[in-house]
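Proteins come first, then strands; the chains are lettered A, B, ... in the order of their sequence lines, and each starts at number 1. Basis for what follows: all heavy atoms, side chains included, without hydrogens, waters or symmetry-related copies.
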Amino acid sequence: MEELLCNLSPEQREAVTTTEGPVLVVAGAGSGKTRVLTHRIAYLIARGVPPSRILAITFTNKAAREMKERSIALVGDAAREVWISTFHSFAARILRMGGEAIGLPQNFTILDTDDVRSLFRAILEELNLDPKREDPRRYAAEVSRLKNEGTSPEDYLKRFDPTRPWERLLAQIYLRYEERKAQTGSLDFDDLLLRAVELLEHEAGSRLATRFRYIHVDEYQDTNPMQYRLLHALTREHANLFVVGDADQSIYAWRGADPRIFLSFVEDFPGAKVITLERNYRSTQKILDAANALIRHNPGRPPKELWTENEGKEPVRVLFAGNQNEEAEAVVKRIDALTREGYALGDIAVLYRTNGQSRVVEEALLSAGIPYRIVGGLRFYERKEIKDVLAYLRLIANPVDDLSFLRVVNEPRRGIGESTLARLRDFADSMGSSLFHAACRADEADIPRSKAKVLIGFCTLLRELGARSRELPLARFVDEVLEVTGYRAALLALPEPERSSRLENVQEFLNMATSFQALHPEADLPAFLAEVALLTDVDTFEEAEDRVTLLTLHAAKGLEFPVVFILGLEEGLLPHHLSVEEGNVDEERRLLYVGMTRAKERLFLTYAEYRSQYGSPMRPSRPSRFLEEIPSELLVVEDVRSPWAREILRRHRFSTAVADERETAGVAGLPSFGRFGSSREERLGKTGGKAGPEDEPWQPGDRLVHAIFGEGTVVQVRERGDEIELVVAFPHPLGVRTLLPRYAPIIRRKGS
DNA sequence: TATGGGTGGATTTTT
DNA sequence: TCCACCCATA
């Protein structure tokens, strides 16, 4: 026991040993909260608490896995019996155990975001609405909001305002959506929580509901109201609720996390003990100073200052690039230098606000031959081939899952097209059965004989597979599905780039099945499917590989890296303009704070003077307000702009103070960029090829330099309305581009 | 019913 | 720039 506690700080120790009653640990970034959680679990077990009565909720499956491993390392195999999972996995698990009590099938399908979208789409079509004009996602979001605030379709039907057509429609759609899910035995993410609460309330006092005597929640600041209700349902008979969180790291308000839940813990759970951890064991003081300075700008937060004894040598650096390509190149150059200093590629992370920003970085890394891996973007299970395989498995486990049926009935091609499916749909409706069962009796339907034969064949095939699923080990079974359905053969027939990549992904899926089985030997197909449905990309991320990691700021939560680059510190990007419009700048600030506090030794922030979103047009941007909020003496600015970019900048009359005075450093120079794009008129008036002493009309043959493309020759001058367009030839591989001299970042070459 | 090309459209963050 | 979806065509 002493051994367990001896390398904890006094505050950590107190958190670990306060086992009874509600406890709130306000844990700053890097203050060892995972350590506290694992030690507490170990401590409880050492004190004789049965592991199966301990529950720990984490934010990601990966965090759960890590916590489990670390607990096992501390107390041995007993920790295997502890329940450690995310809210959603926990909910799925208890629903599979006891869902019958509230009328759920044991083999329910879990719908992911994509499934939900297509379901809403289908409903809109049924109601003869154009899914193009009525964005299905909007309804999905709205319905999700209603569900999270606990409004059932029936509630809403009573409550909505019938004079508002939109609400009327929403009520109708919501109802239908719930019906369709009930019919197809499926649950969406919200349902998992909702139904779990229902189950626990229904079964109040039962073994399930009273099973957990010690409950832990990590990242409590990102808890949403339904998760909160779930916690209440679990703590009816005791208040041993131990939560860890940091209001400064709350970055999921947009997804329904309610910051008040965190802030009012002490009132919600009377007698709660509050322990604050401010000592940081991760970053250098230089990094913490910058992060502290930034977050101090958030109003209404309880003051908290991270500190460490690790002073650190390297300052936080700001790389100031001409455009996003230069930004990416500067990052790659740094990475190269860092590896020569002895850093491994796996030590380095590149963080950004939006997934789209990864592309330029990828290209730069690729051409420098530096291996990388992307977390997020297209998640593993969102890939087509994985979804296909999953749909087969889901349909086998749950034949009434029409969505999965539709996905695979003609994948690979079986000649079942739109019109056959419409007839099948009618037939199913007339019998009130699922598509699958209708397909099994397709010969009785108004369907051409040849098609009916195919459908019945498909049905027989899946039934046989259903029987096999109970005989074969999981991975072998998945393999058989691929074989028997002809899916693998179809992949093999694909043209080359797709062929190998898809086969690789399918192979990876098989590996996942194998390792899942090794971990849970008793698990059946539904258990595996539940696991996979709740897996995210971060969960499959392994540090072991020596590659640079690319990920969004959101995905970086809970991770740490010796070296961190954060890209695009520009107004409109970080803070993102949509958040600014909604008045959520504080959350963006927290997002950056989270990113900065991931860094252990080195932190780079980058800013590009011009950025193009989706190819066209290059737009100037202002440095993020966040850069100005960090005192200049805490930052060293380095100008990494190309000579072109600098020259253009000078022409555009923007200060080059930063460039010339980088020895004295500081962001002091940056605010002078404030007028950059500050008003449209100003930009139009003062920038572009029209202004300047050589304000003569453009002519073919003129030479110019473009901030991104470099030197080019004007081949044609066109007028379009009152706008002048230049057709400019750039060297291979850029080719001919059309530019608007009024906006394009170009300058004319002398002597043209 | 399958395929290809063209078009229009959209791009924050994700359990 | 890329992607999803639509439509015309085989």
Side-chain angles (χ1 to χ4, degrees), chain A residues 57-64 85-92 110-114 116-118 121 125 130-133 135-137 140-141 144 148 187-193 196 219 222-224 226-227 230 250-257 324 351-360 363 375-379 381-382 384 410-422 448 450-451 454 530 533-539 551-558 568 572-582 584 587-588 590-592 594-595 612-618:
Chain A
I57 304 282
T58 57
F59 198 70
T60 64
N61 290 296
K62 175 168 174 272
S85 64
T86 63
F87 272 112
H88 289 86
S89 312
F90 170 75
I110 299 174
L111 302 179
D112 68 26
T113 319
D114 245 25
V116 170
R117 213 197 70 216
S118 19
R121 218 188 125 82
E125 273 165 10
D130 183 3
K132 249 187 178 153
R133 285 195 45 213
D135 185 358
R137 279 171 307 182
S144 171
N148 274 305
L187 301 182
D188 63 25
F189 287 137
D190 301 323
D191 290 328
L192 289 174
L193 300 176
E219 309 278 10
D222 285 322
T223 299
N224 74 30
M226 200 47 71
Q227 294 167 338
L230 187 62
S250 155
I251 53 174
Y252 284 98
W254 55 273
R255 208 174 69 192
Q324 76 267 37
L351 275 46
Y352 36 79
R353 177 68 235 260
T354 65
N355 280 121
Q357 288 171 261
S358 70
R359 248 197 55 219
V360 241
E363 280 163 14
V375 179
L378 234 207
R379 269 169 297 167
Y381 66 79
E382 279 172 5
K384 181 184 182 304
N410 201 32
E411 189 68 60
R413 304 259 113 96
R414 297 190 175 91
I416 305 298
E418 205 185 328
S419 61
T420 308
L421 283 176
S450 64
K451 305 290 179 193
V454 172
L534 297 170
L535 224 52
T536 69
D537 210 47
V538 183
D539 299 325
L551 72 177
T552 63
L553 287 161
H554 281 89
K557 178 164 127 163
L573 194 56
L574 184 60
H576 196 276
H577 71 269
L578 292 178
S579 298
V580 176
E581 281 157 27
E582 288 165 19
N584 294 335
E587 181 145 317
E588 298 282 309
R590 288 192 292 267
L591 197 49
L592 177 56
V594 167
S612 88
Q613 306 250 58
Y614 330 110
S616 57
M618 208 66 171

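Not one N or O on the side chain of A:R353 forms a donor-acceptor pair closer than 3.5 Å with the backbone of A:L574.
With rounding to whole Å, A:L351 atom CG is found 19 Å from B:dT12 atom P. To the nearest angstrom, P of B:dT14 lies 9 Å from CD1 of A:I251. As a whole-Å value, the separation of A:N224 CG from B:dT15 C1' is 9 Å.
Nearest to the side chain of A:R121, among B:dT13, C:dC5, B:dT15, sits C:dC5. Nearest nucleotide to the A:H576 side chain, out of C:dT1, B:dT12, B:dT15: B:dT12. Set against B:dT12, C:dT1, B:dT13, the side chain of A:S579 has B:dT12 as its closest nucleotide.
At the phosphate of B:dT13, OP1 or OP2 sits under 4.0 Å from a side-chain N or O atom of A:N355. Residue A:T552 places at least one side-chain N or O closer than 4.0 Å to OP1 or OP2 of B:dT14.
Note: A:H576 and A:W254 fail the aromatic proximity criterion, with ring centroids not under 6.0 Å apart.
A:R137 comes within 4.0 angstrom of sugar-phosphate atoms only, judged by non-hydrogen atoms across all strands, and of no base. Residue-level contact check: A:Y252 touches the backbone only, with heavy atoms under 4.0 Å from sugar-phosphate atoms and none from bases.
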Would you tabulate the pairs of protein nitrogen or oxygen atoms and nucleotide nitrogen or oxygen atoms of nucleotides 1-4 of chain B closer than 3.5 angstrom?
{"unit_1": "B:dT1", "atom_1": "OP1", "unit_2": "A:G417", "atom_2": "N", "d": "3.2"}
{"unit_1": "B:dT1", "atom_1": "OP1", "unit_2": "A:T420", "atom_2": "OG1", "d": "2.5"}
{"unit_1": "B:dT1", "atom_1": "OP2", "unit_2": "A:S419", "atom_2": "N", "d": "3.3"}
{"unit_1": "B:dT1", "atom_1": "OP2", "unit_2": "A:S419", "atom_2": "OG", "d": "2.5"}
{"unit_1": "B:dA2", "atom_1": "OP2", "unit_2": "A:N410", "atom_2": "ND2", "d": "3.4"}
{"unit_1": "B:dT3", "atom_1": "OP2", "unit_2": "A:R413", "atom_2": "NH1", "d": "2.5"}

